Protein chains: 2
Amino acid sequence: MNSLSFTETDATESAARAQDHVDDTRLQRAIADLAAFGARDDGGVSRQTLTAIDLEARRHLIEHARALGCEVGIDACANLFFRRAGLDDTLPPVLTGSHADTQPVGGKLDGAYGVMAGLEVIAALNDAGLRTRRAIEVVAWTNEEGSRFGPGCMGSSAFVEPARLTAFRTATDGDGVRFGDALDAALAAVPDVPQLPMARAMASCVELHIEQGPVLERANVPLGVVTGIQSVRWFRVTCMGQMAHAGTTPMDERADAMASAVALAQRLYAYAAAEAATQLRLTLGRWLVAPNSVNTIPGSVTFTIDARCVDEAVLDRFELALQTAIADVRGLRATRNDITVESLFRQAPTHFPADMRALVETGCTRALRQVGHDQPVRLTSGAFHDAMYLAGHCPTAMIFVPSRGGISHNAAEYTDAPALLLGAQALAYTVTALANG
Amino acid sequence: MNSLSFTETDATESAARAQDHVDDTRLQRAIADLAAFGARDDGGVSRQTLTAIDLEARRHLIEHARALGCEVGIDACANLFFRRAGLDDTLPPVLTGSHADTQPVGGKLDGAYGVMAGLEVIAALNDAGLRTRRAIEVVAWTNEEGSRFGPGCMGSSAFVEPARLTAFRTATDGDGVRFGDALDAALAAVPDVPQLPMARAMASCVELHIEQGPVLERANVPLGVVTGIQSVRWFRVTCMGQMAHAGTTPMDERADAMASAVALAQRLYAYAAAEAATQLRLTLGRWLVAPNSVNTIPGSVTFTIDARCVDEAVLDRFELALQTAIADVRGLRATRNDITVESLFRQAPTHFPADMRALVETGCTRALRQVGHDQPVRLTSGAFHDAMYLAGHCPTAMIFVPSRGGISHNAAEYTDAPALLLGAQALAYTVTALANG
C-alpha cells in the first residue's frame, strides 16, 4: 500500500470502521429488492438490458440511492452513477459497482451483487458517520451481458472510449430494435437525472462480483483477490468436404468434412491436455454441420475455438499448434478437404496493479480473519467484466465471492449470505481506503 | 439362365428384338416430359409424393401408358400399375418400374428413369410386334423418397406387406397433412382407374435406376448388375457432460461433452479405416450440440452413426467395436461423462438371386458389346430401393447406370443419354426374357 497516497493510519482506521458497519440484513434485503424486477418462478431473474423491466429496476436504484443521500447522474450510454460527496469534490472520485442487467435467464447476483454491495458501502459509511476525502461513486453499467445487444460491456467500454458509442447505437436486438433507440428511451425515462460526461477522470475502481467458476468453492475460501483477467482468442474453423450419399459412396471416394473436423479437434484437445501446466483453457463450443442428415456425408463442418490464458505467450503457441494441426489433418486427407481458420475476436489479458491487489488483499484478509479464515485466494478471472475496460482508465481491482457449483447465467446461481457479507465488507474497506487516498 | 423356365432360344431371340427396338429419342422425350412436372429453373425437379404437381404427373403417366395400349390400375397405397397384356393372363406378370416422386430438390432421373424406361420397353415391344407369354407391368411406386412423409419406400413395402399401411396413414408432413388423407385425395383424383389388390403375385421384378454413387463412373462402364443392397444400421450416440463457462472453468474441472464425442468419433473413424477391406461404410452425419455457444462448454452432444455393409457379420463386429470405444472413452473421462447409444433402425442386406443376376448380366453384356464395352460391373447398392422390398415377394434384380460425379438428390444429378439408352436396352432384354419364361 506504500505507493498509495493516502495517510495510512487514518485511512486504515476509517476503512476498518466502514467495514465493520456493513449490515448483513440490509444487504440481503437490497439484493432481494432488486431481484424482484424480472423475478422468475424458478428463482432466476430475467432482466435484459434496457427492457421495460430493466427501466423499472433503474428507477428503483435511483430512488434507493437518493434515499442514501446520493446524487444521481447518467451518461450518454445510460450508465447510472450514484455519488456520495467527498470532502474535496474537485478530486476524481473512487468508483465501484457493476451491472444490473442479466442474461435472458440469469440469477440474482451476477452484476446486481456488485451494485447493491456498492450502495451498502455508502449505507455503512453513513451509519459510521464517516466522510471521505474523495467522493465515492457506485455505477450500474449498461449492457454488460451482451445477450440482447452485442457486444457485451457496452456501457463500461463506451465510458472509457466514447467513440465506441456510434457503432453500438446501430446494434439491433432479435426484434430489430436498435440499441440507440433503446438508449434514447432509457434516457428520456429519467428526465430528473442530470447528464454526466463520458470518460470522466476516476481515482480508482474496484468491482465486486461472483466468481462464476469453481475455484473459490473448491478452495473453501469465501473471498478471492482477482489478479487479472485472462486473454481470450476466438477462432472459427471451417472444414469443407463433399456432401454425398452415406450408402452409395465408398470410404476411399469420400471427402468427409466431419472426419476432418474430428481429426483436428482431437489434436487440439490433446494439445490442451499436454499444456495443462500453462492453464490454457480450450473450448470447442459451437458446431454447425451441413446438411446435418443421418445418411449424408457432411459437406461442411464449422466449429468455434475459445482459447484463454492469462499468459499471452501460451495463446501465441496455441495458434502455432493450431496451424500445425490443420496442416497435419490436410495431409491425412491428401488435400481433398480444405480447412480454413478465421480469427473472430481477441482480447489481451488484464493485469491489475500490484498496489490495488495488495489493498484488496488487506481488506479481504481483515474480513476473513473475523470468521476464522486466514487469507483470500489469488485467482484470475476467466470471464470478462466491466473492470477489464476500467483497467485502461484508472487503477482497478476486483474481488470475487464463490459461486456454488461454479454455476452462473442460470437460475441456480447462488452464493451463501456469509460470503456475500464478507465481499461487501472487503469492498467497504478497500473503497474507503481509496477514497481517503 | 439355365434355372429359368422359359424356352431359351425363343426367349433369347425375343429379348434381343425387344432390346433392339428401344428408341433413344422417344426415351429422352419421355424423361423430359415427366421432368416438366415440378421443373425448376436450376434444371432440377421438385415433385414430392402426393403433392398437387405429383398428382398432375400421375395423370400424365396414366395418359402416356394408355396411349401405349396399357391397362392402368391403382392399389390402396396409390401405386400405379401400367399393364401390357400377355398371352396367358392367368400367369403372374413380370414387374418393372420405380418411383416418380422426388426429393424436395431432386433431379430428373432418380426413380423417374426407371418408370419411363419401363414404359419404353412396352413401346419397343409394340414396335417389334412382340407378344409375351406373361403380362408386363410397369409400376410407379408411391413415396419412395420419404422426404415429405416418413419412412421411405411406403408404396413398395405396403404392397408386399399391406398391414404396414395402417401405420403409414397416420404419418404427417411438415404442414400437418396426414399421409392417409393425401392418399385418399390421390385415389379420388383418378376415378377412371380401377383398384387393384395389394400383394398380388408377381413372377419377377427388375428395377432400373441411376447408381447415385461413383462406382460405375470411376470404372468407366455404363452398366452395372446390382448383386444386392447393403445392410444398414443406424444408431444415436449421446454424450452428456456439464454445461459451464468456457472462461471460468479450469480444464480439470470440466465434463466436456464435445471432448467425449470427439474422442469417440475419432475411435470409430480409426476402426472404419482399419476395416477398409470389409467395405464397411461409416457416416457420422447429424450432430446436435447444446447449448452450442462459443463460450460455453458443451453440456450434451448427440451424433448419429450410419453403418453399412453387404456383410452383416461386419456390422455385428462394428457394434462390438462401438461398445468397446464407448467403454474406452468413459474410462478416459474417469466416468465423469455418461455416454449412451440407441439403435434407431436396422435393415438386413438384400441378396438378389443368382439366376436373376445372370439374366441381367446377359442383357447388359449384349447391349454393352454393341458399343464396344465388354461386360457390366457387378456392384452392391448402398442406397435403398423399392426392389429391396420386392425381393421378399418375388425373384428380383436391379440394373444401374452411372451418376455423373456420384451426385443425386440434387439438381446436378445427370447421366448421359448413351448410358440411359443402354440401361433401357438391358431392361428390355431382361423383362422380355422373364415375360416369356
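Since we're looking at a predicted model, the values are computed, not measured. Letters go in sequence order (proteins before strands), and every chain restarts at 1.
Between B/R286 and A/S293 the shortest side-chain heavy-atom distance does not fall below 4.5 Å.
Between chain A and the residues B/T380, B/L288, B/I305, B/V294, the most heavy-atom pairs under 4.5 angstrom are made by B/V294. The residue among A/G213, A/G406, A/P250 with the most heavy atom pairs within less than 4.5 Å of chain B is A/P250. Per-residue heavy-atom pair counts under 4.5 Å with chain A were compared for B/N295, B/I297, B/N410, and the maximum is reached by B/N295. For chain B, the option among A/L344, A/T304, A/L268, A/V262 with the highest count of heavy-atom pairs below 4.5 Å is A/V262. Comparing A/V301, A/D306, A/V232 by heavy-atom pairs within less than 4.5 Å of chain B, the highest count is held by A/D306. Between chain B and the residues A/V215, A/L282, A/V289, the largest count of heavy-atom pairs under 4.5 Å involves A/L282.
Interface remark: A/T248 contributes backbone and side-chain atoms alike to the contact with chain B (heavy atom separation under 4.5 Å). Heavy atoms of B/A265 lying under 4.5 Å from chain A belong to its backbone as well as its side chain. With a 4.5 angstrom heavy-atom cutoff, A/A276 does not touch chain B via any of its atoms. With a 4.5 angstrom heavy-atom cutoff, B/Q212 touches chain A via backbone and side-chain atoms both. For a residue to count as touching a neighbouring chain, one of its non-hydrogen atoms must lie under 4.5 Å from one of that chain's; by this rule B/R236 does not touch chain A. Only the side chain of B/R308 has a heavy atom closer than 4.5 Å to any heavy atom of chain A. If you measure heavy-atom distances from B/A383 to chain A, the contacts under 4.5 Å come from both the backbone and the side chain.
One distance of note links CZ of A/F303 with CE of B/M258; it measures 9.0 Å at 0.5 Å rounding. Atom CD1 of B/I407 and atom CD of A/Q242 lie 6.0 Å apart (nearest 0.5 Å).
Proximity of a side-chain donor or acceptor of A/E253 to a complementary backbone N or O of B/P214 within less than 3.5 Å is not detected.
In B/R346, the CZ atom is crowded: over 12 heavy atoms of neighbouring residues, nucleotides or ligands sit closer than 6.0 Å.
Looking only at atom types and distance, the side chain of B/R254 has a donor-acceptor partner in the side chain of A/T283 under 3.5 Å away.
Between A/W287 and B/N292, the shortest heavy-atom distance links the atoms N-OD1, 2.7 Å. Shown here for B/G382 and A/H245, the closest heavy-atom pair between the two residues is O-CE1, 4.3 Å. Across every non-hydrogen atom of B/A272 and A/M251, the tightest pair is CB-CE, 3.9 Å.
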